[in-house]
Amino acid sequence: MATFQTLPGFREFYPEDFSRRNHLFRLWRQTANTFGFAEYDAPVLEPLDLYKAKSGDEIEGQLFSFTDKGGREVALRPEMTPTVCRLVGAKASTLKRPIRWFSIAEFYRYERMQKGRGRCFFQFNADIFGEPGPEAETELIALLVQCLAAFGLTEQDFFVRLSDRNLWFYYLEALGLDEARIRGVLGAVDRFEKYGDDAFKGYTEQFGPLDGGVKAKVLAFLQIKSLAALEQTLGVIGGEKLAARLADWKKLLGNLAAMGLARFIEVDLGVVRGLAYYTGFVFEAFDRKGELRALAGGGRYDDLVQKLGGPALPAVGFAIGDMTFALLLEQRGLMPTLVQAPDVYCVIGGEAERLEAFGDIHALRAAGYRVDYPLKEVAFGKQFKAAAESGAKLALIYGGDELAKGVVKLRDLGARTEQEVPRAQVVPTVRDFFSV
RNA sequence: GCGGCCAUAGCUCAGCUGGUUAGAGCACAAGAUUGUGAUUCUUGGGGUCGCGGGUUCGAAUCCCGUUGGCCGCCCCA
């Protein structure tokens, strides 16, 4: 029994786990490439202030933070957004637009573990910078959908809820609320699904009871589930800002419908997300059964690059976490159990034959075939058993009898047929076998 | 930060109201089988029963603490 335990909430990836993780990464990476996104990475350890600047002091309790030997306050990254804002902000003027970047990286949060949540986890992050219009959202939501659909998930398995923080802002403004009150109401909207009317408690404590008429309108607004209902509600009010937002909504939903993705998208103004820095469309992906945490989340954050010291640069992004996503894939039987079977297994008579076999073994490997053989002398019967168990399609038999004749016996483990092949023909014969 | 449940072999677990040397299945390894297939049979390695303390003649079992896990709340960038 090991004396040292893995730190709480951290994960180890034994080969079987690692192959699953690779499966996620491989398809995410491949999908991002098809959308023209470029991959980047950045330090795991960052100045603590980078996160305080974005989210305030209270964030510190959920960070792996400490003082380094140079007296610097540092933290393991809990997310990618501030980092990528810094990277892009530093070179914004020289980067070709649109700036489309993605990363697959590990993040750390000092939290209590729960289903789908640990202290370390991977995220696929994708962001578009420099594009203020809904064209950016179109690309990102399409990418998000494809990053899930690439695994075989369908609209039966997940969907994306689409909302709009700015629309809420303009609407509440039109109802006569000031900025502080608007933020209070948005906080309540975010919690309404879970707590019902209690969600307004915090607002009432801070600002007094919300006007009855306003509240009724808020409750009606957050239950809007379609573009038509949205248009109807906003049409009554009018105003340039609202009209402009409505035009963006039409464009975004029209684009996504044209891509054939309408079945994945649901208008749901009840989604606001807790994060204060979102400035426009926000979206979250959930499993249809509603059993799991959010699969992914994102939105527009037009002010953040500037807030972190860069130029004014509009931005949209989202992140998919690996833990909840893996749970969903396993639930749906879509997580492959990758068996790493060799192509060829060599059965070797003895030490002399072994030296004869090594030449072919290496040549086959150099040609790209996965070749296994017993590292130590093992009885023939055992070797055949091992060859069968390995999952190899082909066995090459290097016995004394064969080598004396200048041949190697090639056994098709599936068909259970054998043929003798001249030594010099082993590599081409194997190549022929696998090219059929 | 709060609450509930849990901790015995690599894995899944059994082990009665405390009683000699802590078990099973799976997995792993060797042999039966010195040149031909997943079966079968035999055998083997592997545990300070999470850790520490207490009660007791005696603790895997009861009590306290601690560490870790699962689940939920808070939070969720």
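Across the protein-nucleic acid pair, A/Glu420 atom CD and B/U36 atom P stand 15 Å apart, rounded to whole Å. Taking atom NZ of A/Lys194 as the reference point, atom P of B/C75 lies 7 Å away to the nearest angstrom. Here the P atom of nucleotide B/C76 and the CZ atom of A/Arg109 are 10 Å apart, to the nearest Å. A/Leu63 places its CG atom 15 Å from the P atom of B/G1, with the value rounded to the nearest Å. Between the C1' atom of B/G1 and the OH atom of A/Tyr110 lies a distance of 12 Å, rounded to the nearest Å. In this structure, the CG atom of A/Asp412 is 19 Å from the P atom of B/U36, given to the nearest Å. To the nearest angstrom, P of B/C76 lies 12 Å from CD of A/Glu284. Rounded to an integer number of Å, the gap from A/Asp190 CG to B/C75 C1' is 12 Å.
Applying the salt bridge (charged side-chain N to carboxylate O under 4.0 Å, His left out) test to pairs two or more places apart or on separate chains, none has a residue in residues 139-152 of chain A.
Searching all strands for a Watson-Crick or G-U wobble partner of B/U66 with both distances below 3.5 Å returns B/G50. Pairing of B/U55, defined by two Watson-Crick or G-U wobble distances under 3.5 Å, is not identified with any nucleotide. Within the shown strands, B/U42 is the pairing partner of B/A30 under the Watson-Crick or G-U definition, both distances less than 3.5 Å. When both pairing distances are held under 3.5 Å, B/U12 makes a Watson-Crick or G-U pair with B/A24. Base pairing annotation: B/G3 forms a Watson-Crick or G-U wobble pair with B/C71, both donor-acceptor distances under 3.5 Å.
Only the P atoms considered, B/C70 is 14 Å distant from B/U8, to the nearest whole Å. Comparing the C1' positions of B/U61 and B/C49 gives a spacing of 10 Å, expressed to the nearest Å. Comparing the same atom, C1', in B/C13 and in B/A7 gives a spacing of 13 Å after rounding to whole Å. Rounded to a whole angstrom, the distance from the C1' atom of B/A22 to that of B/G47 is 9 Å. Separating the P atom of B/G4 from that of B/U42 is a span of 49 Å, rounded to the nearest Å.
Using a 4.0 Å cut-off between charged side-chain N and carboxylate O, A/Lys215 and A/Asp197 make a salt bridge. In this structure, A/Lys251 does not pair ionically with A/Asp248, as no charged nitrogen and carboxylate oxygen lie closer than 4.0 Å.
Between the side chain of A/Glu418 and the base of B/U36, at least one donor-acceptor pair of N or O atoms lies under 3.5 Å. In this model, no side-chain donor or acceptor of A/Arg416 finds a partner on the base of B/U36 within 3.5 Å.
Between A/Phe158 and A/Phe264, the angle of the ring planes stays under 30°, which puts this pair in the parallel group of the 30/60° scheme. The aromatic rings of A/Tyr301 and A/Tyr278 stand perpendicular to each other, their planes meeting at an angle above 60°, with 30° marking the opposite boundary.
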A/Asp41 and A/Arg77: salt bridge (charged side-chain N to carboxylate O under 4.0 Å, His left out), yes or no, with the steps? CA-CA 12 Å; A/Asp41 201 356; A/Arg77 61 186 175 194; 3.3 Å; yes

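Ring centroids of A/Trp28 and A/Phe102 are separated by 6.0 Å or more, keeping the two rings apart. Proximity of the aromatic rings of A/Phe129 and A/Tyr40 is defined here by a centroid distance below 6.0 angstrom, and this criterion is not met. A distance below 6.0 Å separates the ring centres of A/Phe325 and A/Phe151.
Both cation-pi conditions hold for A/Arg245 and A/Phe281: the charged atom is under 6.0 angstrom from the six-membered ring centre and inside a 45 degree cone around its axis.
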What is the per-nucleotide protein-contact pattern of nucleotides 66-72 of chain B, from the 5' end, where B denotes a base atom under 4.0 Å from a protein heavy atom, S denotes such proximity for sugar-phosphate atoms only, and - denotes neither? -SSSSSB

Can you check nucleotides 29-35 of chain B for protein contacts, nitrogen or oxygen pairs under 3.5 Å, and list what you find?
residue, atom, partner, partner atom, Å
B/G35, O6, A/Gly400, N, 3.1
B/G35, O6, A/Asp401, N, 2.8
B/G35, O6, A/Asp401, OD2, 3.4
B/G35, O6, A/Glu402, OE1, 3.2
B/G35, N1, A/Glu402, OE1, 2.7
B/G35, N1, A/Glu402, OE2, 3.0
B/G35, N2, A/Glu402, OE2, 2.4

